[in-house]
Amino acid sequence: MEQGYAIYDTPVGLIRIEYRGANITRLKKTTDDTQDRGSSTPLTDEVNRQLKEYFDGKRKEFDFPYEMNGTAFQKSVWEALCAIPYGETRSYKDIAVAVGNAKASRAVGMANNKNPIAIAVPCHRVIGANGKMVGYASGLDMKEALLRLEAENK
């Protein structure tokens with residue numbers, strides 16, 4: 001099964017898109033601009049096209065194929081993230097309740113941190129119970145930029 005990656009420029013920096021076969025397996029910001037850009041494919045080009053539409057305020061949901069490997073709990077959290085509407089936020093506790101364990105806020109945070117498909121599986125829409133920006137694997141500046149983009153285009 002073919003696998004590889006391609007790196008694209010976006011308004012929030014370099015995004016690395018990894019794939020295996022016909023599925024995206026990772027979509028993450030990268031800070032290493034010295035590495036080669038990989039090899040683009042029709043699949044990575046399609047993901048990049050959808051990201052461009054998102055950053056242009058024209059796309060609110062993604063429909064490219066992806067595969068998420070994780071524990072059952074992580075997968076339940078990632079599924080709950082996908083239910084958060086564009087331009088809205090939820091607290092870690094809200095997600096914990098949604099997955100059936102109201103005391104699992106910290107575990108929800110850890111699952112968010114392991115989310116392999118950033119932006120499309122919107123972990124950036126999860127904030128602290130007090131409304132503060134807390135924790136984001138790609139940095140709080142990117143989280144704030146994504147939330148601002150969505151608020152402006154809601």
Side-chain angles (χ1 to χ4, degrees), residues 1-90 92 95 99 105-128 132-154:
M1 189 177 302
E2 182 186 8
Q3 62 182 37
Y5 71 92
I7 296 175
Y8 295 86
D9 290 300
T10 74
V12 294
L14 297 173
I15 298 286
R16 180 179 170 116
I17 302 169
E18 297 178 18
Y19 63 90
R20 182 172 47 246
N23 291 309
I24 297 301
T25 56
R26 186 177 268 321
L27 177 64
K28 287 284 187 185
K29 184 175 179 181
T30 183
T31 56
D32 185 0
D33 62 0
T34 61
Q35 64 186 340
D36 75 52
R37 297 292 179 107
S39 298
S40 64
T41 68
L43 176 60
T44 62
D45 286 345
E46 173 60 17
V47 174
N48 186 54
R49 183 186 69 75
Q50 289 188 29
L51 284 170
K52 183 173 178 0
E53 290 173 356
Y54 171 81
F55 288 119
D56 288 345
K58 297 175 182 161
R59 176 175 287 274
K60 296 182 176 17
E61 294 180 5
F62 295 88
D63 59 11
F64 58 82
Y66 59 83
E67 169 187 322
M68 299 182 76
N69 294 307
T71 67
F73 178 79
Q74 288 171 329
K75 288 178 181 180
S76 70
V77 168
W78 300 332
E79 188 175 313
L81 299 177
C82 291
I84 304 171
Y86 179 94
E88 294 185 21
T89 59
R90 299 291 184 270
Y92 291 93
I95 301 301
V99 300
S105 296
R106 184 160 284 160
V108 165
M110 295 306 293
N112 268 12
N113 184 264
K114 300 290 185 199
N115 172 15
I117 310 290
I119 305 172
V121 176
C123 55
H124 61 277
R125 295 181 189 153
V126 183
I127 60 174
K132 293 202 176 190
M133 298 296 138
V134 292
Y136 190 62
S138 295
L140 290 180
D141 56 334
M142 182 169 160
K143 181 174 190 165
E144 290 170 351
L146 296 174
L147 290 174
R148 192 169 40 254
L149 170 83
E150 291 185 9
E152 292 168 359
N153 293 291
K154 191 173 174 186

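Keep in mind the model is a prediction, meaning the values are calculated, not measured. The first residue in the sequence is number 1, and the count goes up from there.
- Side-chain polar atoms of Asp36 and Tyr5 form a donor-acceptor pair below 3.5 angstrom.
- A donor-acceptor pair under 3.5 Å is absent between the side-chain atoms of Arg16 and the main chain of Thr30, judged by distance alone.
- Put simply, OG1 on Thr10 and CD1 on Ile119 are 6.0 Å apart, with the number rounded to the nearest 0.5 Å.
- Residues satisfying the side-chain contact (heavy atoms from CB on, under 4.5 Å) test with Pro11, not counting sequence neighbours, are Phe55.
- For the residue pair Tyr54 and Glu150, a side-chain donor N or O sits within less than 3.5 Å of a side-chain acceptor on the partner.
- Using a 4.5 Å cut-off on side-chain heavy atoms (C-beta onward), Leu43 and Ile17 make no contact.
- How far CG of Asn48 is from OG1 of Thr41: 10.5 Å, rounded to the nearest 0.5 Å.
- For the residue pair Val121 and Met68, the shortest heavy atom distance occurs at CG2-SD, 3.8 Å.
- Between Asp45 atom CG and Lys52 atom NZ the span is 13.5 Å, to the nearest 0.5 Å.
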Walk me through whether Arg37 and Asp9 qualify under salt bridge (Lys or Arg N to Asp or Glu O under 4.0 Å). CA-CA 10 Å; Arg37 297 292 179 107; Asp9 290 300; 3.4 Å; yes
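- Nearest heavy-atom pair across Ala6 and Thr44 is CB-OG1, 3.8 Å.
- The shortest distance between side-chain heavy atoms of Leu27 and Phe64 falls below 4.5 Å.
- No donor-acceptor distance shorter than 3.5 angstrom exists from the side chain of Gln50 to the backbone of Arg59, with no hydrogens or angles considered.
- Taken to the nearest 0.5 Å, the CG atom of Asn69 stands 10.0 Å off from the CZ atom of Arg26.
- Closest of all the heavy-atom pairs between Arg90 and Pro85 is NH2-CD, 3.5 Å.
- Side-chain contact between Tyr8 and Leu51: absent, with no pair of heavy atoms (C-beta onward) separated by less than 4.5 Å.
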Go through it in stages, so that I can follow the logic: the residues are Ile127 and Leu147, the test is side chain to side chain contact (heavy atoms under 4.5 Å, CB included), and I'd like the CA-CA distance, side-chain angles, deciding distance and then a yes or no. CA-CA 10 Å; Ile127 60 174; Leu147 290 174; 4.2 Å; yes
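- Atom-to-atom distance recorded for Ile84:CD1 and Thr89:OG1 is 8.0 Å, nearest 0.5 angstrom.
- Contact record, Lys60 with Arg125: O-NH2, 4.1 Å, taken as the closest heavy-atom pair.
- A donor-acceptor contact shorter than 3.5 Å is absent between the side chain of Lys29 and the backbone of Gly13.
- Using a 4.5 Å heavy-atom threshold, the side chains of Ile24 and Tyr19 count as touching.
- One N or O on the side chain of Lys28 and one on the backbone of Asn115 form a donor-acceptor pair closer than 3.5 Å.
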Show me the donor-acceptor pairs within less than 3.5 Å that the side chains of residues 75-83 make with the rest of the protein, sequence neighbours left out.
from	atom 1	to	atom 2	distance (Å)
Ser76	OG	Phe73	O	2.7
Trp78	NE1	Ala111	O	2.9

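- The number of heavy atoms from other shown groups lying within 6.0 Å of CD (Glu88) is above 12.
- Among Met142, Arg148, Lys143, the one residue that satisfies the side-chain contact (heavy atoms from CB on, under 4.5 Å) test with Leu146 is Met142.
- Taking all atoms of both residues into account, the shortest heavy-atom contact from Asn153 to Leu149 is ND2-O, 2.8 Å.
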Residues Arg49, Glu53; criterion salt bridge (Lys or Arg N to Asp or Glu O under 4.0 Å); working and verdict: CA-CA 6 Å; Arg49 183 186 69 75; Glu53 290 173 356; 2.4 Å; yes
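- Note that the CG atom of Asn112 and the CD atom of Gln74 stand 10.5 Å from one another [nearest 0.5 Å].
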